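Working notes for the structure below.
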Amino acid sequence: MPPETVDELPAVLRDRREKLERLRAEGVEPFAAHFHRTHTTAEALSLLDRHPEGTDPVTVAGRLATQRVQGGMAFADLVDRDGRIQLVARRDHLGPDLYERFSHLDPGDVIGGTGPVRRTRRGEPSVWLDGFVLLSKSLRPLPDKWHGLKDIELRYRRRYLDLIANPETRHVFTARARVITAIRQLLDGKGFLEVETPVLHDVPGGGNARPFVTHHNALGRDLYLRIALELHLKRLVVGGLERVYEIGRVFRNEGLSPRHNPEFTMLECYQAYADYHDMMELSEQLVVAAAQAAGTPLETTYQGTAIDLHPPYRRARMVDLVEQATGRRLVGPKLFEAYEEAVEPALVQPTFVLDYPVEVSPLARRREDDPRFVERFELVVTGRELVNAFTELTDPIDQRRRFEEQAAQRAAGNLEAHPLDEDYVRALEHGLPPTGGLGMGIDRLVMLLTDQASIRDVILFPQLKEEA
RNA sequence: GCCCGCGUAGCUCAACCUGGUAGAGCAGGGGACUCUUAAUCCCAAGGCUCAGGGUUCGAAUCCCUGCGCGGGCACCA
């Protein structure tokens with residue numbers, strides 16, 4: 001920040017700096033060290049319900065929204081995380097000095113106020129102030145009180161203003177937090193152990209994506225930010241933890257889009273003695289639990305399209321879906337390409353797409369009845385992959401061969417082909433129990449449940465280009 | 001990386017097509033008002049029109065370049 005003199009500031013900012021100095025000159029500290037509130041706004045309101053004639057004094061704290069100063073009586077809305085409550089100040093009651101200070105507060109100032117709660121003549125529940133304290137002076141004006149903050153760039157860059165001005169934004173991120181809590185509760189209840197695995201990887205495996213590269217100075221070598229959680233979690237199943245999960249950030253060095261942020265949040269969980277059929281049931285349970293946590297009905301809409309999230313979801317084999325769409329019965333990478341092009345975008349209602357070609361699934365177990373396919377599914381909703389899961393490949397010999405096929409693709413220029421992870425193959429050689437595994441994109445799940453069109457609307461601080 | 005659109009006061013938007021001194025609401029300042037709630041009414045103030053070039057007597061407006069944002073494509077299990 002350049003050293004700015006008060007004179008150079010826009011008038012709206014200069015006025016507030018001058019107010020700040022005036023307050024200090026009057027002996028009022030504009031940034032309080034601490035404050036004790038007795039009630040949130042919601043608690044104050046429910047207290048009034050129990051004492052409709054008026055409560056004992058309560059102390060609330062929050063940010064001042066709008067003010068309505070009317071001669072010797074002033075009204076203001078105080079906002080905290082739970083909601084809002086009206087404050088009433090009267091010159092007769094507070095005395096002229098304190099009243100004057102109240103009426104010169106700005107929207108955005110953080111204050112604490114004490115007084116009984118009762119209704120105004122118009123029926124508005126209000127804290128009738130016996131006194132108030134300025135806790136944090138706001139030196140910048142709030143966004144337009146009626147239109148909110150519309151500028152989409154400012155909403156992302158200054159998320160704090162978006163959260164103050166737009167209730168919908170608060171709702172989305174509250175729902176996101178509750179969804180993640182619900183997922184943890186569901187998995188914990190099934191005996192899964194939440195673990196943390198490294199973000200810095202020697203070998204960026206578990207998915208097909210270009211990684212971010214970073215450098216460790218003391219080791220004198222490059223490391224990669226993880227693109228998936230998979231390989232470390234399956235090592236833990238080898239280690240006997242049997243049911244593990246991690247909810248964590250992964251990083252993919254790809255372009256930005258309404259559905260892609262370079263860092264995003266994945267749930268991955270692995271269950272010994274389970275297969276991909278079990279993972280389908282688990283997927284359904286996760287979606288239902290998440291929807292309930294977000295307060296989203298199972299009969300919902302996404303961007304104007306009706307979506308029914310009631311399980312069980314349709315199950316269809318990829319070869320059949322492609323044949324229905326194109327009339328051709330394909331195998332191998334061509335099947336997968338045709339699926340992505342002709343089928344996936346049209347799958348609006350929740351659908352488990354089963355049995356992927358082995359060539360695009362180097363970590364999944366082959367089908368016993370047809371080794372060209374693996375026991376893998378993706379749960380697709382609104383044309384987007386929500387879950388990717390499979391019966392894990394446990395045969396270390398086959399795993400090494402699959403890695404070598406990927407290495408050949410890599411040598412041929414496919415930067416996203418899976419690299420060989422020797423240590424992972426060694427872990428398999430010790431014996432991975434039959435295991436089902438599942439990965440779920442939390443951001444896309446929250447987008448679906450909160451009806452948000454862009455992944456940027458469900459990530460608090462999404463990646464943008466450098467500010468001008 | 002390519003294509004399209006957008007960028008005006010702290011915020012929300014006019015004026016741009018068709019070039020002629022940049023306007024309004026909110027927020028802020030002053031005043032009136034002791035039951036308001038998008039309070040109301042009166043007064044005054046607030047701008048490097050994203051940046052840089054060009055065309056023109058004259059550019060917010062037309063043209064070019066750059067930057068930023070959005071969308072699409074490419075990329076992306």
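On a predicted model such as this, the values are computed, not experimentally measured, just so you know. To find a chain, count down the sequence lines: A is the first, B the second, and so on, and within it residues start at 1.
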Do we see a donor-acceptor contact under 3.5 Å between the side chains of A/Asp130 and A/Thr114?
-> no
Sorted by chain and number, sequence neighbours left out, ring-ring contact (aromatic ring centres under 6.0 Å, His included) with A/Phe403 holds for A/His418
Distances for protein N or O near nucleotides 14-16 of chain B N or O, under 3.5 Å:
none

Apply salt bridge (Lys or Arg N to Asp or Glu O under 4.0 Å) to [X] and list each qualifying residue two or more places apart in sequence or on a separate chain.
{"X": "A/Glu268", "answer": "none"}
{"X": "A/Arg315", "answer": "A/Glu284"}
{"X": "A/Glu124", "answer": "A/Arg84"}

Rounded to the nearest Å, what distance is computed from the OH atom of residue A/Tyr99 to the P atom of nucleotide B/C35?
-> 10 Å
Write down the distance between CG (A/Leu139) and P (B/A27), rounded to a whole number of angstrom.
-> 19 Å
Please table the atom pairs, donor to acceptor, closer than 3.5 Å between any side-chain atom in residues 347-365 of chain A and protein atoms at least two apart or in another chain.
unit_1, atom_1, unit_2, atom_2, d
A/Gln349, OE1, A/Asp308, N, 2.9
A/Gln349, NE2, A/Ala306, O, 2.7
A/Thr351, OG1, A/Gln349, O, 2.8
A/Asp355, OD1, A/Tyr276, OH, 2.7
A/Asp355, OD1, A/Arg367, NH1, 3.3
A/Asp355, OD2, A/Arg317, NE, 2.8
A/Asp355, OD2, A/Arg317, NH2, 3.4
A/Asp355, OD2, A/Arg367, NH1, 3.1
A/Tyr356, OH, A/Glu378, OE1, 3.2
A/Ser361, OG, A/Pro357, O, 3.2
A/Ser361, OG, A/Arg376, NH1, 2.8
A/Arg365, NH1, A/Glu368, OE2, 3.3

Which part of the nucleic acid does [X] contact within heavy-atom distance under 4.0 Å: base, sugar-phosphate only, or nothing?
{"X": "A/Glu340", "result": "sugar-phosphate"}
{"X": "A/Arg210", "result": "nothing"}
{"X": "A/Asp106", "result": "sugar-phosphate"}
{"X": "A/Phe336", "result": "sugar-phosphate"}

Residue matched to [N] through Watson-Crick or wobble contacts both under 3.5 angstrom:
{"N": "B/A51", "answer": "B/U65"}
{"N": "B/G70", "answer": "B/C4"}
{"N": "B/G25", "answer": "B/C11"}

Out of B/A27, B/C35, B/G70, which has the shortest distance to the side chain of A/Pro107?
-> B/A27
Of the listed nucleotides B/G72, B/U34, B/G70, the one nearest the side chain of A/Pro258 = B/G72
When the C1' atoms of B/C42 and B/A60 are considered, how many whole Å apart are they?
-> 32 Å
Return each pair, listed once, that meets salt bridge (charged side-chain N to carboxylate O under 4.0 Å, His left out) where at least one residue sits in [range]; pairs must be two or more places apart or across chains.
{"range": "residues 331-345 of chain A", "value": "none"}
{"range": "residues 399-409 of chain A", "value": "A/Asp398-A/Arg401, A/Asp398-A/Arg402, A/Arg400-A/Glu422"}
{"range": "residues 434-448 of chain A", "value": "A/Arg176-A/Asp443"}

Would you call A/Asp80-A/Arg63 a salt bridge at under 4.0 Å N-O?
-> no
Could you identify which residues of residues 62-90 of chain A place a heavy atom less than 4.0 Å from some atom of RNA chain B, listed by residue number, or say none?
-> A/Thr66, A/Gln67, A/Arg68, A/Val69, A/Gln70, A/Gly71, A/Gly72, A/Met73, A/Phe75, A/Gln86
With the criterion being N/O to N/O and under 3.5 Å, what pairs connect the protein with nucleotides 8-11 of chain B, and how long is each?
unit_1, atom_1, unit_2, atom_2, d
B/C11, O2', A/Asp144, N, 2.7
B/C11, O2', A/Gly148, O, 3.4
B/C11, O2, A/Asp144, OD2, 3.1

In terms of the angle between their ring planes, are A/Phe102 and A/Phe132 parallel, tilted or perpendicular, with boundaries placed at 30° and 60°?
-> perpendicular
Output yes when at least one side-chain N/O atom of A/Arg456 is less than 4.0 Å from OP1 or OP2 of B/G71, else no.
-> yes
OP1, OP2 of B/C69 versus side-chain N and O of A/Arg157: anything below 4.0 Å?
-> yes
Short heteroatom pairs, N/O only, protein and nucleotides 1-3 of chain B, under 3.5 Å:
none

